[in-house]
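Data block below; observations after.
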Amino acid sequence: MEGKFNQEAFIKISTLAIIVLSVFVASVLGFGFFQYKEISRTLAHSEQFTELGEYEQAIQELKSISDIWLLDSLGVKEREISDKIQENEQFIEDEENYKQGIEAFDNENWDEAKELLSKVSNDYSQYEDAKRKIAQSEEKILEKKIEEESASIREDAEKKIEEVRKEAEEARKETEEKFQQEQVELEAKLEEQQEEVEKKYAIVNTDLLGLSDHQVIDNISIRSEVKIIEEEDEWTHVEFNNKEGWVWSDDLSDDSSDVLDLSGIIRQWKPIVGSVRCEFRYSDTGTLYGESFGSGIVLDPSNNPISVITNKHIITDEEGYYASFCDVLFPERDYLYEGEWEDLFEFASGEDGAYIDINNTDKYIRDLTSDFPMACQQKPSEGDEVIILGYPGIGSREGITVTRGIISGFEGNYYITDAKIDQGNSGGAAILVKNNCLLGIPTYAISGEVESLGRILDISAFLE
């Protein structure tokens, strides 16, 4: 009986234990199923919050299930929850960087925008937009850099231009001062010569020089002034250029009217040398696009209109087009003489010479040209003195300017001279002093490192 009782008790206890265990297992499984559904719902919510950009809400949802002890048992890895939390935290940081980067972009702070937007991670929803804004910021940064470098280059260029302008202005002032000083010296010398002209004799003929046993002065030119030392019946002892010798007495004259000093030569030629101004206008609109200034000499060639001779580069522009019109003003006449474009002619030979036919002639201009002084018939020699009359830009502001020099050499139809020639002299008069004749017109100058030499176009080019 006792053995039977124990067996029954064991069976009962075992059965009860199984029942209790079953109930416990069922409870645990039921609770786990409930927890699994809750975790799944929370994960789904967090994903929705993440997609909507509500990253703080997503993190709260994820943290609410991160400490559930059944995660691993339910097939949800705690590491995955942690990664999702970190992912949403990164999105929060991305969102702030993106927001600040866009604000900097809108304010055109390109460097700051590029720096902030470059921090946005690849998984962030606005990553592609951030990339585009970065590329645009880099373009703006490059444009700004190019603009700054261009501005720096412009500033340096402007400084260089200003330096060159100042140097040119200083050189111009220096040249003008030197020019004016030479003008003062020339005028003083002219006054001195004027005072002494009555005390000197002049050579009026050179045909008989050297036909005596006396030691004669060679290479003396007509109109040269000499000082009398001793007079004989046929020969006269004279001093010329610090040399003494004898000349034929009949070749001397004590009448100063037979020879002109420099001042007299200038007075004779001055009235016919005018200042020339030409205007260049577009033929369709009449708009002025350029001007040129120079000098010219009036003459009255037979069977032709009264003309002013000048240089081709005065009446044409750089492209070779004629001026619309040119006007000429003479120093002793307050009246403009005009020539329209159809009155302008250049040399067919290609030399730098031209004519301006005057279309509004009057008695003054006709009287001025009725007794035109002679052109030089013979070529000068090296060392012969010349004077230049014209209107250079650095010369007198009130009238004609005179410079002088010598014949320095020859070059085709041009005479080379050391007489000062500057812009504005072109087309003026070059007078050979010894014969008081028109040698040609000053045309241009060639500058060396220190000095310059001018070119005079032979008057014969106009008379052919």
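All heavy atoms count here, side chains included; hydrogens, waters and symmetry mates do not. None of the values given here were measured: they were computed from a predicted structure.
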Provide the closest heavy-atom pair for [X] versus [Y] in the form atom of the first, atom of the second, distance.
| X | Y | value |
| --- | --- | --- |
| Asp422 | Pro392 | CB-CB, 4.1 Å |
| Val273 | Gly428 | CG1-CA, 4.4 Å |
| Val276 | Gly296 | CG2-N, 3.7 Å |
| Ala113 | Gly101 | CB-O, 3.6 Å |
| Lys420 | Asn425 | O-OD1, 3.9 Å |
| Ile314 | Gly294 | CD1-CA, 3.9 Å |

Are Glu279 and Leu288 close enough, and set up right, to give a side chain to side chain contact (heavy atoms under 4.5 Å, CB included), and what steps lead you there? CA-CA 7 Å; Glu279 286 190 1; Leu288 178 70; 3.9 Å; yes
For this output row, return yes or no: ring centroids of Tyr282 and Tyr289 closer than 6.0 angstrom.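 Close enough - the centres of the two rings lie under 6.0 Å apart.
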Quick check: Phe347 with Phe462 (ring centres under 6.0 Å apart)?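 Yes, the ring of Phe462 comes within the 6.0 Å limit of the ring of Phe347, centre to centre.
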Answer yes or no: is there an ion pair linking [X] with [Y], defined by an N-O contact shorter than 4.0 Å?
| X | Y | answer |
| --- | --- | --- |
| Arg333 | Asp362 | yes |
| Lys159 | Glu155 | yes |
| Glu169 | Arg172 | yes |
| Lys312 | Asp352 | no |
| Glu385 | Lys434 | no |
| Lys145 | Glu147 | no |
| Glu138 | Lys114 | yes |

Check this for me: [X], atom [atom1], are more than 12 non-hydrogen atoms of other residues, nucleotides or ligands nearer than 6.0 Å?
| X | atom1 | value |
| --- | --- | --- |
| Glu342 | CD | yes |
| Tyr364 | OH | yes |
| Glu340 | CD | yes |
| Glu103 | CD | no |
| Glu162 | CD | yes |
| Asn107 | CG | yes |

Given 3.5 Å as the limit, does a donor-acceptor pair link the side chain of [X] with the main chain of [Y], or not?
| X | Y | value |
| --- | --- | --- |
| Ser152 | Glu148 | no |
| Thr310 | Ser295 | yes |
| Asn436 | Val433 | no |
| Thr417 | Tyr415 | no |
| Arg281 | Gly286 | yes |
| Gln377 | Ala375 | yes |
| Thr443 | Ile441 | yes |
| Asn435 | Gln378 | no |
| Ser426 | Asn311 | no |

Looking at [atom1] of [X] and [atom2] of [Y], how far apart are the two atoms once the value is rounded to the nearest 0.5 Å?
| X | Y | atom1 | atom2 | answer |
| --- | --- | --- | --- | --- |
| Ile161 | Glu158 | CD1 | CD | 7.0 Å |
| Gln180 | Thr401 | CD | OG1 | 9.0 Å |
| Ile306 | Leu299 | CD1 | CG | 9.0 Å |
| Glu95 | Gln90 | CD | CD | 12.0 Å |
| Leu336 | Phe330 | CG | CZ | 10.5 Å |
| Ile388 | Thr403 | CD1 | OG1 | 5.5 Å |

Trace of the side chain to side chain contact (heavy atoms under 4.5 Å, CB included) decision for Lys119 with Tyr98: CA-CA 8 Å; Lys119 295 179 180 179; Tyr98 177 77; over 6 Å; no
With side chains defined as the heavy atoms from C-beta onward, is the minimum distance between [X] and [Y] less than 4.5 Å?
| X | Y | answer |
| --- | --- | --- |
| Arg455 | Pro442 | no |
| Ile356 | Tyr337 | no |
| Asp357 | Phe345 | yes |
| Glu112 | Leu116 | yes |
| Ile431 | Ile266 | no |
| Leu439 | Ile407 | yes |
| Asp343 | Trp341 | no |
| Asp129 | Ile102 | yes |

Where do Arg366 and Thr361 land on the side chain to side chain contact (heavy atoms under 4.5 Å, CB included) test, with the steps shown first? CA-CA 7 Å; Arg366 288 192 294 271; Thr361 57; 3.8 Å; yes
Assess the side chains of [X] and [Y]: does a donor N or O sit below 3.5 Å from an acceptor N or O?
| X | Y | value |
| --- | --- | --- |
| Glu185 | Gln181 | yes |
| Asp458 | Ser460 | yes |
| Asn97 | Tyr124 | no |
| Glu346 | Tyr322 | yes |

As a quick check of understanding, evaluate salt bridge (Lys or Arg N to Asp or Glu O under 4.0 Å) for Arg165 and Glu163, giving each step before the final call. CA-CA 5 Å; Arg165 188 194 67 77; Glu163 290 175 0; over 6 Å; no
Test Ser408 against Leu453 for side chain to side chain contact (heavy atoms under 4.5 Å, CB included), laying out the working first. CA-CA 8 Å; Ser408 304; Leu453 290 175; 4.3 Å; yes
